[in-house]
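Okay, so here's the structure we're looking at.
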Amino acid sequence: MTVESTAARKTTRRSSGTKRTTSASAKKAQAEQNAEPELVQLLTPEGERVQHPEYDIDLSAEELRGLYRDMVLTRRFDAEATALQRQGELGLWASLLGQEAAQIGSGRALRDDDYVFPTYREHGVAWCRGVDPTNLLGMFRGVNNGGWDPNSNNFHLYTIVLGSQTLHATGYAMGIAKDGADSAVLAYFGDGASSQGDVNESFVFSAVYNAPVVFFCQNNQWAISEPIERQTRVPLYQRARGFGFPGVRVDGNDVLACLAVTRSALERARRGEGPTFVEAFTYRMAAHTTSDDPTRYRRDAEREAWEAKDPIQRLKTYMVNEGHADAAFFEELEAESEALGKHVREVVRAMPVPEHMAIFDNVYADGHALVDEERAQFAAYQASFAGGEAE
């Protein structure tokens, strides 16, 4: 008993000292946490051009108009897809509203030989890679499993499982490095997916193997209904430091900054300097998907504050003030936007209903006994309905 009491007293004295040290460390950590993280920005929300010592970029008026056109048409396509879902033409849709600058800026930083691994919301990146936007809708209409050949545009199929595409991207990047290619890989994911084990495992492997991959996280502040402050105690880009590679936070509503930062990270990867973590600090203006109701968990004032940072409006303000675009350009783009919406509606409604048995095709290259058994069972089930198939 005496020995135990003596040990307890010693433990108490050590705990007291540790407590004072921890308190000081905690205060320092809290101060660092409360400090505003560095944010790479080249275009302010008011449309004013600013400089950055590491990530500056010089674009022509034509290039600026191209970025603006990309964002406007991407937003129009997204709005049409949302309307089609509300009208019962699509089963589900994940809107990118508010994230156009992050996607167009990063997408236009890619070279043709680079490879992209998206989630299910990268409609703007798909646009930049030349994927027909109507192909994106086939999966959400339930008539195909993707609708495009990933190797045709170096743009992988949409990934619904959170975070798994970062492992695919890392493995692909390791492969092209062994092949001696100087291309790079760009992997997209969201703030919620950053907590997934797959994402952290991809960080480990990419760092150890010095893989030429850029991890592009669109931090849109909400993992469905969970705000970012419940997901991490430090800014997301700082996590990269623990894995041994650089991280940078960029204004995700600034298309110029997103282009400059992503281009720099991709060039670093091509030089053999390994991975980079890019956190695009942006906001999801719409619902997580059309099955979600954001009014249940976030306030209107929050959305209104982010509306003032709209990526399209800020670039328009800058171009108008600097004389890079005139009224005729905006009028022509409006007409093009409406034509795109009409085209999307017509194509979606004309999509053929696939054969019910097609789901069993191409599961295995050489066939499989279990698939054959399941095909026969499903055929018998279809035949049990009047007319030979289910309504």
Side-chain angles (χ1 to χ4, degrees), residues 94 99 102-103 106-107 109-111 113-122 125-126 129 146 150-151 154-220 223-224 226 228 231-250 252 258 261-282:
Q99 298 177 219
Q103 295 194 17
S106 59
L110 291 156
R111 289 191 333 204
D113 60 330
D114 294 331
Y115 207 100
V116 179
F117 287 84
T119 64
Y120 47 80
R121 201 188 299 274
E122 273 67 62
V125 186
R129 298 306 277 175
N151 293 323
N154 279 9
F155 185 79
H156 198 64
L157 296 177
Y158 273 7
T159 306
I160 305 299
V161 178
L162 291 183
S164 63
Q165 73 279 0
T166 59
L167 287 174
H168 305 155
T170 299
Y172 191 92
M174 291 164 58
I176 61 176
K178 290 182 180 295
D179 290 341
D182 70 340
S183 52
V185 176
L186 187 55
Y188 289 89
F189 58 97
D191 48 292
S194 69
S195 299
Q196 293 289 112
D198 286 358
V199 174
N200 289 270
E201 289 171 11
S202 68
F203 290 173
V204 172
F205 273 83
S206 64
V208 171
Y209 287 92
N210 208 45
V213 57
V214 175
F215 297 105
F216 195 91
C217 175
Q218 293 175 83
N219 177 5
N220 62 21
I224 308 183
E226 288 298 304
I228 186 63
Q231 302 174 56
T232 179
R233 295 185 64 178
V234 299
L236 292 177
Y237 77 96
Q238 293 182 4
R239 290 182 175 180
R241 189 185 310 167
F243 293 92
F245 56 88
V248 57
R249 173 181 277 190
V250 60
C258 289
V261 168
T262 310
R263 180 180 291 175
S264 175
L266 289 168
E267 290 173 351
R268 178 178 179 276
R270 297 189 195 103
R271 292 194 301 266
E273 298 177 21
T276 302
F277 183 108
V278 177
E279 177 193 359
F281 200 74
T282 183

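- Summarising the geometry of Cys217 relative to Leu236, their closest heavy-atom pair is SG-CD1, 3.9 Å, with the distance given to 0.1 Å.
- In this structure, the separation between CD on Glu279 and OG1 on Thr232 is 8.5 Å, given to the nearest 0.5 Å.
- With sequence neighbours left out, Arg241 forms a salt bridge (Lys or Arg N to Asp or Glu O under 4.0 Å) with no residue at all.
- Across every non-hydrogen atom of Ser206 and Val213, the tightest pair is CB-CG1, 3.8 Å.
- Nearest heavy atom pair, residue Arg129 against residue Leu110, reads NH1-CB, 3.4 Å.
- In terms of the salt bridge (Lys or Arg N to Asp or Glu O under 4.0 Å) criterion, Glu201 has no residue partners (sequence neighbours excluded).
- Once rounded to the nearest 0.5 Å, the distance linking OH of Tyr237 with CZ of Phe281 reads 10.5 Å.
- Between atom CD of residue Gln238 and atom CZ of residue Arg249 there is a gap of 8.0 Å, rounded to the nearest 0.5 Å.
- Counting only heavy atoms from C-beta outward, the side chains of Val161 and Tyr120 never approach each other to under 4.5 Å.
- Phe117 is not listed as a side-chain neighbour of Thr159, based on a closest heavy-atom distance of 4.5 Å or more.
- With sequence neighbours excluded, no residue satisfies salt bridge (Lys or Arg N to Asp or Glu O under 4.0 Å) with Asp198.
- Judged as a side-chain hydrogen bond (donor to acceptor under 3.5 Å, both in side chains), the pairs with a partner in residues 263-277 (not counting sequence neighbours) are, in order, Asp114-Arg270, Arg268-Thr276, Arg271-Glu273.
- For the residue pair Pro275 and Phe245, the shortest heavy atom distance occurs at O-CB, 3.4 Å.
- The nearest pair of heavy atoms linking Asn200 to Phe243 is OD1-CZ, 3.4 Å.
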Table please: side-chain donor-acceptor pairs of residues 186-197 below 3.5 Å, with sequence neighbours left out.
from   : atom 1 : to     : atom 2 : distance (Å)
Tyr188 : OH     : Ser106 : OG     : 2.6
Asp191 : OD1    : Asn220 : N      : 3.2
Asp191 : OD2    : Gln231 : NE2    : 3.0
Ser194 : OG     : Asp191 : O      : 2.5
Ser194 : OG     : Arg239 : NH1    : 3.3

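- Going from atom OG1 of Thr119 over to atom NE2 of His156 covers 12.0 Å, rounded to the nearest 0.5 Å.
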Sequence neighbours excluded and cut-off under 3.5 Å, please list the side-chain donor-acceptor pairs for residues 170-185, or say none.
from   : atom 1 : to     : atom 2 : distance (Å)
Thr170 : OG1    : Thr166 : O      : 2.8
Asp182 : OD1    : Arg111 : NH2    : 3.2

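- Residues Arg121 and Tyr158 approach most closely at C-OH, 4.3 Å, considering heavy atoms.
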